[in-house]
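This one's a predicted model, so the numbers in the text were calculated from it and none came from an experiment. A note on names: the letters A, B, ... follow the listed sequences, proteins ahead of strands, and every chain is numbered from 1.
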Protein chains: 2
Amino acid sequence: MSISAKALIKIDKIDRNILEQLQQDGSLTNQELADKVGLSPSPCLRRVRALEDAGVIVRQVTILDHKKLGLSLTAIILIGMDRHTPERFAAFERQVGEYPEVQECYLITGQDADYMLKVVVPDMDHYHHFLLNRITRIQGVSGVHSSFVLRRVIDSTALPLGYLS
Amino acid sequence: MSISAKALIKIDKIDRNILEQLQQDGSLTNQELADKVGLSPSPCLRRVRALEDAGVIVRQVTILDHKKLGLSLTAIILIGMDRHTPERFAAFERQVGEYPEVQECYLITGQDADYMLKVVVPDMDHYHHFLLNRITRIQGVSGVHSSFVLRRVIDSTALPLGYLS
DNA sequence: GCGGATATTGACATAAAATGCCGATCTTCT
DNA sequence: AGAAGATCGGCATTTTATGTCAATATCCGC
């Protein structure tokens, strides 16, 4: 694994505006976007393509409503591993990647936990089942602490662009 | 605040397939999507519109690369409040909503913490500043525990659709 | 500050996609 | 089986994306 190359692209005020707009609403047509940032469609599209090529724009996704899909329970799980060996971690990550219920999984610092997971399931029964038959079954998992989301105060994918330039 | 209405839409196999595809890639054209799900463009678009109207499809967003934007540090912050009053919570949430660095903020269960935040900043210096001048300044914040993301094993917005039907 | 090289823009023409309409097909319920 | 309703595919029209090119703006060395 190599360190990914730094962005070799200069992001000016217009680019930043484009990114801000697309972060907020990815369904904007190029023409609408061009209007918003004060460009004509041609150069606007060219900038978007350049940002895609540079890897600044990673991809576009559709956000669904979990409640409308019967997925009412979101859990935050902190997990500790018994041994901090690369093999243990690799096995854990491989296994966790197989579970579509896991929306996020981060290796984190701290003495309390090694991994933080965000998991989405229909209800507590399903969560119980998931925890017992999926998570705790993974080799090396020694400590598990669950919290449940009572309210989503902020749930965004937008990055703060105010630090640019 | 009222409980939001349940989805009054029946999601069949094709709809589920549409949602699966769009979750994965929101930049698909209607024609590409139609091909993938085995429909002609007309009914495919009709279904997408119906899913939007029903609120199942919430919105479309563009995902950016935080590293390419110089945002190298992601922190998970667990926060405890001194008093569990609606006023304290409301004030905290209002304030946190002002900070673009906060990508996620959940009110959670558990004795250790009341809120879980995901925060994105350029580096540790900025994080230090953010914590001291933003978070700990908020009235009622009594305990703060920070963890830092070492690796993003899974970072998705996709919901598990396997529980449908 | 001047001139040239480079990059970026806007307009236009063309290709592709979205959208609306309609008759045909498939479902469902009696 | 038969009729009502829903869903489909094809087609015409409108909107959008894309590529080209000349004009303009920006940057650089002198």
Side-chain angles (χ1 to χ4, degrees), chain A residues 5-65 68-70 157-158 161-162 164-165, chain B residues 5-65 68-70 157-158 161-162 164-165:
Chain A
K6 279 279 179 173
L8 297 175
I9 187 175
K10 44 179 172 12
I11 295 176
D12 63 15
K13 196 67 179 248
I14 296 178
D15 286 326
R16 184 183 140 180
N17 198 350
I18 288 175
L19 294 177
E20 200 77 74
Q21 297 295 334
L22 289 181
Q23 269 198 142
Q24 228 54 46
D25 183 2
S27 71
L28 284 173
T29 66
N30 182 55
Q31 310 205 352
E32 291 169 333
L33 180 61
D35 277 345
K36 281 177 183 283
V37 303
L39 280 180
S40 66
S42 296
C44 182
L45 182 62
R46 227 167 314 125
R47 280 169 180 266
V48 173
R49 294 284 177 261
L51 289 166
E52 289 172 352
D53 291 344
V56 177
I57 291 177
V58 178
R59 63 199 225 275
Q60 203 140 6
V61 298
T62 300
I63 306 295
L64 308 183
D65 186 311
K68 294 266 170 73
L69 293 169
T157 54
L161 302 184
L164 291 178
S165 77
Chain B
K6 277 280 178 174
L8 297 175
I9 188 177
K10 43 180 172 8
I11 295 175
D12 62 17
K13 196 67 179 245
I14 296 179
D15 286 326
R16 185 182 141 180
N17 199 350
I18 287 175
L19 295 176
E20 200 76 74
Q21 297 294 335
L22 289 180
Q23 269 198 141
Q24 227 56 44
D25 183 1
S27 72
L28 285 173
T29 65
N30 181 56
Q31 311 205 351
E32 292 170 332
L33 180 61
D35 276 345
K36 282 178 183 280
V37 303
L39 280 180
S40 67
S42 297
C44 183
L45 185 60
R46 260 196 303 270
R47 280 168 179 266
V48 172
R49 294 285 178 258
L51 289 166
E52 288 172 351
D53 292 344
V56 176
I57 291 177
V58 178
R59 62 196 225 277
Q60 202 141 6
V61 298
T62 301
I63 305 295
L64 308 182
D65 186 310
K68 295 264 170 73
L69 292 169
T157 55
L161 302 184
L164 290 178
S165 79

*If you check the R49(B) side chain, which of dT19(C), dA18(C), dG10(C) turns out closest?*
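Closest nucleotide to the R49(B) side chain: dT19(C).
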*Could you please name the option among dT7(D), dG10(C), dC8(D) that lies closest to any side-chain atom of K10(B)?*
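From the listed options, dT7(D) comes nearest.
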How many angstroms lie between atom [atom1] of [X] and atom [atom2] of [Y], to the nearest 0.5 angstrom?
X: T62(B); Y: E20(A); atom1: OG1; atom2: CD; value: 11.5 Å
X: I63(A); Y: T157(A); atom1: CD1; atom2: OG1; value: 5.5 Å
X: K10(B); Y: L164(B); atom1: NZ; atom2: CG; value: 14.5 Å

In whole angstrom, what separates [X]'s [atom1] from [N]'s [atom2]?
X: L28(B); N: dA17(D); atom1: CG; atom2: C1'; result: 16 Å
X: L39(A); N: dT8(C); atom1: CG; atom2: P; result: 12 Å
X: R47(A); N: dT18(D); atom1: CZ; atom2: C1'; result: 18 Å
X: N30(A); N: dA11(C); atom1: CG; atom2: P; result: 14 Å
X: I14(A); N: dA7(C); atom1: CD1; atom2: P; result: 17 Å
X: E32(A); N: dA17(D); atom1: CD; atom2: C1'; result: 13 Å
X: D12(A); N: dA7(C); atom1: CG; atom2: P; result: 15 Å
X: L33(A); N: dT16(D); atom1: CG; atom2: P; result: 13 Å

_Does this structure show an ion pair linking D25(A) with R59(B), if we count only N-O contacts that are shorter than 4.0 Å?_
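Between R59(B) and D25(A) there is no salt bridge, as every charged N stays at least 4.0 Å from the carboxylate O atoms.
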*Are I11(B) and L161(B) close enough that some pair of their side-chain heavy atoms sits under 4.5 Å apart?*
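SC-SC contact between I11(B) and L161(B) ruled out.
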*Taking the side chain from D65(B) and the backbone from V58(A), do they hold a donor-acceptor pair closer than 3.5 Å?*
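Answer holds: no.
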Please produce a list of atom pairs where a protein N or O lies less than 3.5 Å from an N or O of nucleotides 20-28 of chain C.
unit_1  : atom_1 : unit_2 : atom_2 : d
dG20(C) : O6     : S42(B) : OG     : 3.0

